[in-house]
Protein chains: 2
Amino acid sequence: MLKKPRNGNSAQHKYPHVGRTVSLASLSAHLGLSKASISRVLNGAPAARSIPQVTQDRILAAAQALNYRPNLLARSLRRGQSMTVGVLVPELSEGYATLVLAGLEETLSAAGYAMMLVTHHHQEAKLTDLHRIVMERAVDGIVAVDTSLPVIHSTPTVTISCPDPHDGVTNILLDHDRAAELALSHLYALGHRQIAIIKGQPFSSDTDIRWRSIQIAATRLGLSLHPKLVVQMKENLATDEPGFLAAQRLLATGIAFTAIFAFNDVSAIGAIRALQAARRQVPEHVSVVGFDDVTLAAYHRPALTTVRQPLRHMGALAAQSLLHSFTSGGNHEASHSVVVEPLFVLRNSTAQSPALSLQC
Amino acid sequence: MLKKPRNGNSAQHKYPHVGRTVSLASLSAHLGLSKASISRVLNGAPAARSIPQVTQDRILAAAQALNYRPNLLARSLRRGQSMTVGVLVPELSEGYATLVLAGLEETLSAAGYAMMLVTHHHQEAKLTDLHRIVMERAVDGIVAVDTSLPVIHSTPTVTISCPDPHDGVTNILLDHDRAAELALSHLYALGHRQIAIIKGQPFSSDTDIRWRSIQIAATRLGLSLHPKLVVQMKENLATDEPGFLAAQRLLATGIAFTAIFAFNDVSAIGAIRALQAARRQVPEHVSVVGFDDVTLAAYHRPALTTVRQPLRHMGALAAQSLLHSFTSGGNHEASHSVVVEPLFVLRNSTAQSPALSLQC
DNA sequence: GAAGTCTGTGCAAACGTTTGCCCACAGGAG
DNA sequence: CTCCTGTGGGCAAACGTTTGCACAGACTTC
């Protein structure tokens, strides 16, 4: 950011043209017109209609020639909107957040908005801190991804996969009931009856709702989930280690199971690693279903059978919703939910239950 | 962003406390002190020393009670610095950009800076456009990742993997000579003599320098690269398709080769897909070396032998360099380069040349 | 000829901070 | 008594825009 030298500053004539910000005032002096007229013309304000074309051309030419750039800080301050939205994200890891961001970015930048990005690593302290930072920067809106917000300010907000929806903020979320049903009924159809579940970490926003959906789907299928075959990941790591450890705990129970439904693709990969280390082949001995369908899933061997979450689309929807609330003047409708549908992706990490062939 | 209702607006007493921005003026009215004193105390300005402790406490308490938040737009406008850096990135895809961003974010946010993120998809028009947008937002600095900048403004800038370094901007880049040597000498030691090369797309900033380094390394090893076994990717896609197509072109030449050195991991994966489709096994028939060591590389089967680029670290270095140039007052030293070292990662996509065993 | 409507433009306030400078007063030194 | 040095704090300008209002002249309408 360039700063025009203070008046008393002698640097002014030492470097006559360096650091010279060209502002409306410069243009005004140069053209002999008022800042007001120039601003109006440059912004195509309605009041500029009464300014003759020749003058308008003169202004535009001068702006071009002097390479005038409006200072968006000043504009934002005056207009009361900054054309910027703050994006809160747990971390910049592979897959999840990245895809959502891509969807957000596309839609927002097409509408002329810029993104201010902050991460909080699921740490409560950082979260309130960063939320404050975003607020102070006077963003026009906030998108919180996979984050449970401590408190909602009056800034328009939309959340993605938020576990505890707040009043007046629209929440984009997956149809978890359908997702669980897709995964479990697939395993059921393959003859699996002893299915283990790897739950997400306590801090992950999808954990609870996904687990509820799994229970519902299991009940509908007449499938009983052995309590000891339901383990939860604890570690706050962006690697496959939590899944690896969870699967090890499953194996340590000594209870037989022929399939695992993992919380996400990365933990599914960790689980497969643990199974292979214990000499159980996937999918021959144990089937594994992942979640999300991040890029990794397709390239892993065995390629992961998984439930795709349309992350990019969810980002785009969030952006649209936010943009809509800008134009519609922030009508505080009650908490609104947008539900998106999952897609089942069949690959090679699932197969017929070995228990089934034994029965034959 | 909240806007205080205009004076003539009757909404003011309709909603007495909603939309009320608490500013220095509010505090001033509330405390009976001037905005100046309040500002000085709140900022711990040196001039605040002469203000008695009891008054200071009163001010701090009031700020707390009324939940005062400084408006960073106003502050930035006045101070001439926005505590924000703009980050230009080709796209938000898996791997490359994400890891760099993570490194940037960590260092910048620790120093109190926020990131403004924009993508340009390697499109020239968008690039100048977005560069302009970033400039207008009065960022204190710019980080351009894998981007060839059309023109440098006076804003402090640091580039990561920039092909054409500009004066006065420090460029963080990989030691490509070393990287090429690591990969090629590994293949050479395994007995490979007919090595095919998949070059990067023309728009990718590392393409040329990497290719030069490969030639140097090949010469040093006494290895001759068959011109027809050097193909270049063209497609602007974030998938493995460009690598797939490139490998198909290699196969179509009919010229024998026992190894491929790919431009990056994703294209290596695409190449492996093409080889397998043509009934050539990896690594038994053909060895493949990737580049970057994105997360994908470790999970792919066969796991990729690759050259790791310390992307996260490069991001952190860029941030540090930028922060340094802020404090040291932007001394325009000549174009400065920071070179980081690659790390060879041996996995399962490379093996002894089949030509070698034939010779035995 | 008076009244109204355009046309073309400028003044100045406002957005919320920060900061250079000034002032008033109290107390001590000379 | 005068001079000087803190102490405690306020005034107002400045950052660069945007915009409500005013205004002067020209032209039309009655």
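Atom CG of A:L73 is separated from atom C1' of C:dT18 by 15 Å (rounded to the nearest Å). Atom P of nucleotide D:dG8 and atom CZ of B:R58 are separated by 14 Å, given to the nearest angstrom. One atom, CG of A:L27, and another, P of D:dT17, lie 8 Å apart when rounded to the nearest Å. In this structure, B:R79 places its CZ atom 22 Å from P of D:dA13, rounding to the nearest Å. One can place CE of B:M83 at 17 Å from P of C:dT17, the figure rounded to the nearest angstrom. Regarding B:Q53, its CD atom lies at a distance of 12 Å from the P atom of D:dG9, rounded to whole Å. Rounded to an integer number of Å, the gap from B:I59 CD1 to C:dT17 P is 14 Å. Spacing between atom CD of A:Q56 and atom C1' of C:dT9 amounts to 13 Å, rounded to whole angstrom units.
Looking at B:Y96 and B:V145, their side chains come closer than 4.5 Å, going by heavy atoms from C-beta outward.
With no hydrogens or angles considered, a side-chain donor-acceptor pair links A:N171 and A:T159 at under 3.5 Å.
In the set D:dC11, C:dG16, D:dG8, the nucleotide with an atom closest to the side chain of B:A36 is D:dC11. For A:L24, taking side-chain heavy atoms from C-beta onward, the closest of the listed nucleotides D:dT18, C:dT17, C:dT19 is D:dT18. Among C:dT9, C:dT18, D:dG9, the nucleotide with an atom closest to any side-chain atom of B:N43 is C:dT18. Minimum atom distance to the side chain of B:K35 is reached by C:dT17, of the listed C:dG10, C:dT17, D:dT17. The side chain of A:L33 approaches C:dG10 more closely than any other nucleotide in the set C:dG10, D:dG16, C:dT18.
Remark: the backbone N or O of A:K35 is not paired with any side-chain donor or acceptor of A:S39 at under 3.5 angstrom. Distance alone, capped at 3.5 Å, is enough to place a donor-acceptor pair between the A:S26 side chain and the A:S23 backbone. No donor-acceptor distance shorter than 3.5 angstrom exists from the side chain of B:E136 to the backbone of A:L73, with no hydrogens or angles considered. A donor-acceptor contact shorter than 3.5 Å is absent between the side chain of A:R312 and the backbone of A:L104. Under the 3.5 Å distance criterion, the side-chain polar atoms of A:D140 are left unmatched by any main-chain donor or acceptor of A:Q81.
A donor and an acceptor atom sit less than 3.5 Å apart, one in the side chain of A:R40 and one in the base of C:dG10. The base of C:dT17 is not paired with the side chain of B:R78 by any donor and acceptor separated by under 3.5 Å.
Put simply, B:T55 has a side-chain N or O that comes within less than 4.0 Å of OP1 or OP2 on D:dG9. Proximity of A:N71 to the phosphate of D:dC15: no side-chain N or O atom is located under 4.0 Å from OP1 or OP2. Listed pair A:S34 / C:dT9 fails the phosphate criterion, with no side-chain N or O lying under 4.0 Å from OP1 or OP2. Remark: A:S39 is not in phosphate contact with D:dT17, judged by side-chain N or O atoms under 4.0 Å from OP1 or OP2.
Toward the 5' end of DNA chain D, the nearer of the two residues B:A74 and B:S37, judged by each one's closest nucleotide, is B:S37.
For the side chain to side chain contact (heavy atoms under 4.5 Å, CB included) criterion with B:I59, the lone passing option out of B:L31, B:L27, B:V54 is B:L31.
Taking five base pairs at each end of the helix from C:dG1-D:dC30 to C:dG30-D:dC1 and finding the rotation axis that steps the C1' atoms of four pairs onto the next four gives two axes whose angle is 60°, to the nearest 10°.
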